[in-house]
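Below is one structure, written out as structure tokens, with a few remarks after it.
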Amino acid sequence: YQSLLSPDGKYLACLEDAKDLLLFDVATGKEVFRKNSFVSPFVGEDFAFLAVLMRIAMLSSHPELIHEHFSPDGKYLLATTGRDSILVDMGELKSASMEGSLRGHLSGQFVFMGRDKIVVENERKPAKSYVLSFPEGKVLSDVALGSNSLAAATVGDFLMLRPVENYAVGVI
């Protein structure tokens, strides 16, 4: 359903059957990591999660069930459903523990800004989003975001937001 290639092209992260997170070695085609039921079914109090997915589907031409990014150096894969998150050490090809407040802040989209920090959207209050150290999860600063898609520049500490009012892109 959803896929992402690592920066070095060695690994492909996939969301299989809209629930299992898998990693494949691109050269061999072999599965090297699996997190079963990473996206859980909608039951009981999961209406908030379903509402987020519906919002993503309505606002995006390519809806995503999870937010996932490889760190720019390819050492980690970080993924979140908004309710559950996982950090995969790509050298060990296994789950790594998340330190500090990193897990608690991963409720919406995020993007790596270099190898040592990430910008994390506060899904409920985007104007009160954060820049966190990575992988420690220490809050470095606040950042005001809107309900935009996020992308980091490949050089420098710039964040691109799409769309921004009457413009295709805004840069902060």
Side-chain angles (χ1 to χ4, degrees), residues 1-39 53 56 60-121 123 129-141 143 145 148-163 168-172:
Y1 178 80
Q2 187 175 326
S3 61
L4 179 68
L5 188 63
S6 66
D8 58 10
K10 291 181 179 180
Y11 298 100
L12 182 70
C14 300
L15 190 58
E16 182 181 67
D17 297 329
K19 63 180 179 124
D20 298 337
L21 180 64
L22 283 75
L23 281 167
F24 289 95
D25 181 303
V26 171
T28 65
K30 292 183 179 179
E31 180 182 311
V32 294
F33 178 86
R34 176 183 287 262
K35 172 67 173 163
N36 289 321
S37 300
F38 182 58
V39 178
L53 292 180
I56 291 168
S60 175
S61 60
H62 179 68
E64 295 180 332
L65 286 177
I66 64 172
H67 299 291
E68 62 181 339
H69 292 284
F70 284 97
S71 58
D73 57 10
K75 290 184 177 182
Y76 296 98
L77 170 68
L78 181 59
T80 185
T81 65
R83 295 178 309 155
D84 195 16
S85 302
I86 189 168
L87 180 64
V88 179
D89 180 322
M90 298 305 296
E92 301 286 326
L93 294 172
K94 64 180 186 177
S95 296
S97 65
M98 281 192 249
E99 300 176 29
S101 60
L102 183 59
R103 182 181 300 277
H105 282 101
L106 288 173
S107 63
Q109 339 177 38
F110 67 91
V111 65
F112 281 91
M113 291 197 58
R115 61 183 175 82
D116 63 348
K117 59 185 166 179
I118 61 174
V119 174
V120 178
E121 176 192 37
E123 187 101 320
S129 297
Y130 304 98
V131 177
L132 303 174
S133 63
F134 181 81
E136 299 83 14
K138 179 182 175 189
V139 176
L140 300 175
S141 65
V143 63
L145 301 174
N148 315 83
S149 67
L150 306 174
T154 55
V155 177
D157 285 340
F158 299 101
L159 184 64
M160 294 171 282
L161 304 129
R162 291 184 177 93
V169 65
V171 179
I172 58 172

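Please read all numbers here as calculations on a predicted model, not as lab measurements. When a residue number appears, it is its place in the shown sequence, counting from 1.
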Enter the distance from [X]:[atom1] to [Y]:[atom2] here, rounded to the nearest 0.5 Å.
| X | Y | atom1 | atom2 | answer |
| --- | --- | --- | --- | --- |
| R34 | L23 | CZ | CG | 11.0 Å |
| L150 | H67 | CG | NE2 | 9.0 Å |
| L22 | N36 | CG | CG | 8.0 Å |

**Report entry** Validation row: L145, V119 side chains within 4.5 angstrom (heavy atoms)
**Finding:**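 Counting from C-beta outward, L145 and V119 do come under 4.5 Å.
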
Requested in this report: Sort out for me which residue in L140, V131, L78 forms a side-chain contact (heavy atoms from CB on, under 4.5 Å) with I118.
Outcome: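 Only one of L140, V131, L78 forms a side-chain contact (heavy atoms from CB on, under 4.5 Å) with I118, namely L78.
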
Query raised in the report: When F24 is tested against each of K30, E31, K10 for side-chain contact (heavy atoms from CB on, under 4.5 Å), which residue passes?
Result: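 One option only clears the test, and that one is E31.
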
Locate the shortest heavy-atom distance separating [X] from [Y]; write the atom from each residue and the value.
| X | Y | answer |
| --- | --- | --- |
| L12 | S3 | CD1-CB, 4.1 Å |
| F38 | D84 | CZ-O, 3.8 Å |
| A79 | E68 | CB-CB, 3.9 Å |
| V111 | A152 | CG2-N, 3.5 Å |

Query - Ring centre gap for Y76 and F112 strictly below 6.0 Å - result: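 Not close enough - the centres of the two rings lie 6.0 Å or further apart.
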
Query raised in the report: Does CZ belonging to R115 count more than 12 external heavy atoms closer than 6.0 Å?
Result: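 No, not enclosed.
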
**Report entry** Evaluation steps, side-chain contact (heavy atoms from CB on, under 4.5 Å), between M98 and S85
**Finding:** CA-CA 9 Å; M98 281 192 249; S85 302; 3.4 Å; yes

